[in-house]
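Here is the structure we will look at, set down as structure tokens.
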Amino acid sequence: MKHPWYHASLKIAPLVVLFLLPTLGCSDSVSESARSDKPRFAYVTNGVASFWNIAAAGAEAAAKDADVDVTVYMPDGLTDQTRSIEDLITRGTDGIAISPIDADNQIGILNKAAAATKLITHDSDAPKSDRLTYVGMDNYKAGLMCGQLVRDALPSGGTVMLFIGRLDQDNAQLRRQGCIDRILGREPDSTRRDDPGVILSSPDGQYEVLGTLTDQFDRAKAKANVEDTLTRHPDIGAMVGLFVYNPPAILEALDRADKTGKVKVIGFDEADITLQAIKDGAVVGTVVQDPFQYGYESIRLLTGLHRGDESILPSTGFIDVPPRVIDNGNLEPFWKTLKEQMATN
Amino acid sequence: MTSATAAIFEARGVCKRYGGVHALDDVSLSVRPGEVLAVVGENGAGKSTLMKVLAGVVQPSRGSVLVDGRPTVFAHIHQALSAGVALIHQELNLAPNLDLGANVFLGREPRRLGFISKKAIADQARQHMARVGLEVSPEVRLDSLSLGQQQLVEIAKALSVDARVLIMDEPTSSLSQQEADKLYKVVRQLRERGIAICYISHRLHEVTDLADRVVVLRDGRSVGELSGAQIDRDKIVRMMVGRDISQYYQRTPLAAGGVAITARSLRTSAFPSEELDFSVRSGEIVGLAGLVGAGRTELLTTLFGITPMLGGSLHVDGKPYAPQTAAEAIAAGVVLAPEDRRQCGLLLQKGVRWNLSLASLRKTLSRWGFVRPRAEGKLCTDTIEQLRIKTPDRESPVHTLSGGNQQKVVLGKWLATKPRVLLLDEPTRGIDVGSKSEIYALMHELAGRGVAVLFASSDMEEILGLSDRALVMHHGRITGEVHRDQLSEESVMQLAVAET
Amino acid sequence: MRANRLNPFSSLEGSKFLGIFSLLMVICIYTAISSDRFLLAANLENIVHRTALFGILSIGVAFVIVTGGIDLSIGSVVCLTGVMLPFLLTQCNWSVAASLATVLGASAAIGLFHGVMITKMRLQPFVVTLCGLLFYRGAARGITKDRSQGFGLEFTDLRSLATGHIPLFGDVAGDFRLPATTLLLIIIAIIAMVILNRTVFGRYLFAIGGNREAARYSGINVDRFTTSAYVICSTLAGLGGILFVLDINAAQPSDFGNFYELYAIAAAVLGGCSLRGGEGNISGVVVGAAVMVVLTNTINLVHPEYQKIEFAIIGGVILAGVTADALVRRLVASRNRANSS
């Protein structure tokens, strides 16, 4: 009655052990910041991404410099983020820096946090809440820079498709809108919102934005979106990947379709693959934020506020950490610094 | 029966078609208060459909149902209930995960201030259960009871609605003799109280005992009605099958061969402190009699390796035998046709072919793990022909077959393994008269080929008619052994209730 | 009887396959009419490639569903193998063979664990694999410290396993080149079909799903075969995870493979598997996976403005599919009843 398949599966069991051992070996142990009387701050991201690892490194560097404790939370979606804030309020903390996923709908919980402790936002703002200030870049402005890259890459015009993880967060909407507005040569207006499914043309008819496709952070879907776009619009001029993993997904699909270099790719953020592709010429350029500064500035601000120093609050209500365009001209020094920042984490 | 009493409940010219099939064709009957009307017929004769029409479970295609002389349409079984018509269904309609009280009052729980009153339920349920002689706490879960006890709960449930008309569909098919006797008493009491009872049964002796009138159905039509002194068993059988099979237990006892299976000090999980000793010889048919809960099923499943053996020893053909699984039992030549065919015996949704070959696939019908379709097909064709299994083709799902043919499929599955010892648990439960005799003939034939047959049955006629020898169990013990020449209802009953 | 066996469409299973296949054809024809790009070789390549990736997961879960079980952990197993493979290769510098063997072995071990918990501890499959869904996701995030894992620009040879094409048809099929993953799917599907329909093992899986107790009473080692089904399911999920990550080049522990168990189960159900067990056929499951893939392709090619309601469209089509199936089934049943009179 012994079935051969069963035996095969039994023999596999020891492999589990094999499988677990190396993973322990190659991951260094997680350092727990010791409990102390130092001020404790929370740095809350809007998800899990390598981008946030750099920001976390910045936050931790600031914590070290200022001799405070910081805990980094990388929530898994809106619900998880809201719950994290609730827990932080319950537990008590000396300050929270947060990148709200859906600012307009989180006003309630953000105000509750602002009442309980010092609250600032970073990366994505919640202007309608009682947050003390915002550390980050103007996503709309970054979008404009992205759009400028497109125009530069397609000097005589062409069609453009935008790819993004999702559109239900404020920074994504602004970034996309800025990009579109510049491509079409419109007057900047950060309150404008175009429907993602509508084809938009510039007044002179040279540039056409074919639409914006979302993938809900599913990378297989991100790639499929690009592939289907290539199928539908074989003569497309440029593709813009607005979230960190979108440019690599675009490159992957182009490579498969043998169209690398034939379609202009404009990126956002600094995935290794994106940077390498800039070096190789497959990507025109990318707009990078400075996540390390987000982390560092957030904790520096919170520390100051905690010590009662209101003067560090900027009169503009927001601390600008401006985005930068990275292209073949300035890639090398940027990449070097980035590697150093990652290494310290 | 005074003709002055009008019929309380009546069916006139009822027809029911399923697709192109006439399940019922122009059937009329009526019941008066204080009367037991029996409806008999082979499986497929239309009895169950008739009962469903009467109770409002299905709507007739033509004809009408009348309560108190007024035509009534029951859109739903609840409407039938509120008109005082209750159906006790063949398949149990109970929730096994609830306690007895909850089952009795399911859907009409006594409430206090909108909350279910557990105490009221328990008190009232206890009264209703006492009326069917069920002495169990209303707070035990239904699935902790035997099938027989569950059937009594269903009857108690119907009694609790104060029905004026009670439709009972095979109510005793899973009861032991003792429990059935209790039920007969209940039925008679209900008749005294003026309740009209419509009673379907395969057990002709209870029909002849209980019924005031008998309606016989065949192929969806009413073929006759007998009343009072006309009610005679042989006459009924003739009307049912259209031929005479009064001799269906006939058999010439064979010279039994050597011992096929022996148990020494066998202890089963049902009664761990009791030790069982017995043996069955090749070519012998041994009946296992006893009341429900006497430990017969557990004995059979232990012999088959399904429930663990707690002690003692077994030998098959002289070789030690200690099955841990059914696979080991089958390898040693011991097979079991279980009590609950639908639950444990058959893949109901699958075809006859799959069911017949299931137990012999690995050993004889495959090569290198691949099924040999031709060998399998031949086995099926042969078995269907040999056992006269009535099926449109060998791919028909077995749930579409009648109970008798389903049991033949179970037996066919085991015949293919060439067993040495055939165990059967209630081999003819829910099976109509015609198929019953075929199952009996099959058991005889197997015994004739040298198979040792051990069968448990709650049907006294079956024990008396089939056994070369009967083992009688009471509360986990074998209280006695009766040989064919001494077999009688009294000798078996005395041992079964162990009033020594 | 013989005719019945030879003509697959006269059986219930055959009619179900025909049903789902027609649904696929309707969607394809609609898309082909609405977009002249749909039938391009490159697009068809994309479709069969994506179908292969999801189809492999769906075939795995079909084995479990046939036995009457369910596996909710598939997406998390996809994630675990998807991040472990680049992790072992790039962070731990293991050899390709050792990494693949370890990752596949680990997924098989996960299936074995599920099977043992379900059969020996008598836990419900839903519960065991739901805990698996949470556990493996957490493990993947923990092991990688929540960092995206990828191959960067290396391992292009290994990656061609998922990204390569096979010039199988020469010039006959025009520009169409068969993706390597599709060939893999075809091989796996054929093996799965043979196992389910031609072997004793397959018959036993159906028997267990049809009626567990009856299978046990017929001498089948129910626990052992049930466990095997979970091993097959998790192993194929692990293989799927490997192919996904090789294809996409990077995997993010927090969302890689999210919801894939539901796509797989939906494809299996669309393809004719009954969640009650005992029913299912592999060709239907593969077509079911294709339906889901083509639907998203249709939305992208024809109605990108509907991308917002993509899930609603997929859900609606699946519901319509299974409803139509139920109606057809009822019709067939009543006709059979009429015929058998």
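All values below were derived from every heavy atom in this structure, side-chain atoms included, with hydrogens, water molecules and symmetry-related copies excluded. Order of the sequence lines fixes the chain letters, A, B, ..., with proteins taken first and strands second; residue numbering starts at 1 for each chain. Predicted, not measured: the structure shown is a model, and the values here were computed from it.
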Which atom of C:Asn300 lies closest to which atom of A:Arg232, heavy atoms considered: O-CD, 3.7 Å

Check each atom of [X] against the heavy atoms of chain A and say whether the ones under 4.5 Å are side chain, backbone, both or neither.
| X | answer |
| --- | --- |
| C:Tyr260 | side chain |
| C:Thr163 | both |
| C:Val302 | backbone |
| C:His303 | neither |
| C:Arg137 | neither |
| C:Ala98 | neither |

NZ/NE/NH1/NH2 to OD/OE distance under 4.0 Å, A:Glu227 and C:Arg50: yes

Contact winner vs chain A - C:Leu53, C:Asp247, C:Thr235, C:Leu40, heavy-atom pairs under 4.5 Å: C:Asp247

[atom1]/[X] to [atom2]/[Y] distance, rounded to the nearest 0.5 angstrom?
| X | Y | atom1 | atom2 | result |
| --- | --- | --- | --- | --- |
| A:Asp228 | C:Thr296 | CG | OG1 | 6.5 Å |
| C:Asn249 | A:Ile273 | CG | CD1 | 4.5 Å |
| A:Asn225 | C:Asn297 | CG | CG | 10.5 Å |

With a 4.5 Å cut-off on heavy-atom pairs, point out which of [options] contacts chain C the most.
| options | answer |
| --- | --- |
| A:Leu230, A:Asp218, A:Asp255, A:Asp272 | A:Asp218 |
| A:Arg166, A:Arg219, A:Met74 | A:Arg219 |
| A:Ala224, A:Pro248, A:Ala257 | A:Ala224 |

Stepwise side chain to side chain contact (heavy atoms under 4.5 Å, CB included) check, A:Lys221 with C:Glu310: CA-CA 12 Å; A:Lys221 176 109 171 85; C:Glu310 181 177 342; 2.9 Å; yes

Contacting moiety of A:Thr229, where chain C heavy atoms sit under 4.5 Å: neither

Heavy atoms of other groups near C:Phe113 CZ, more than 12 under 6.0 Å: no

Over 12 non-hydrogen atoms of neighbours within 6.0 angstrom of CZ in C:Phe135: no

Working for side chain to side chain contact (heavy atoms under 4.5 Å, CB included), residues C:Glu45 and A:Arg256: CA-CA 10 Å; C:Glu45 272 172 35; A:Arg256 182 79 61 80; over 6 Å; no

Residue of the set C:Ile47, C:Asn43, C:Leu44 for which side-chain contact (heavy atoms from CB on, under 4.5 Å) holds with A:Thr231: C:Asn43

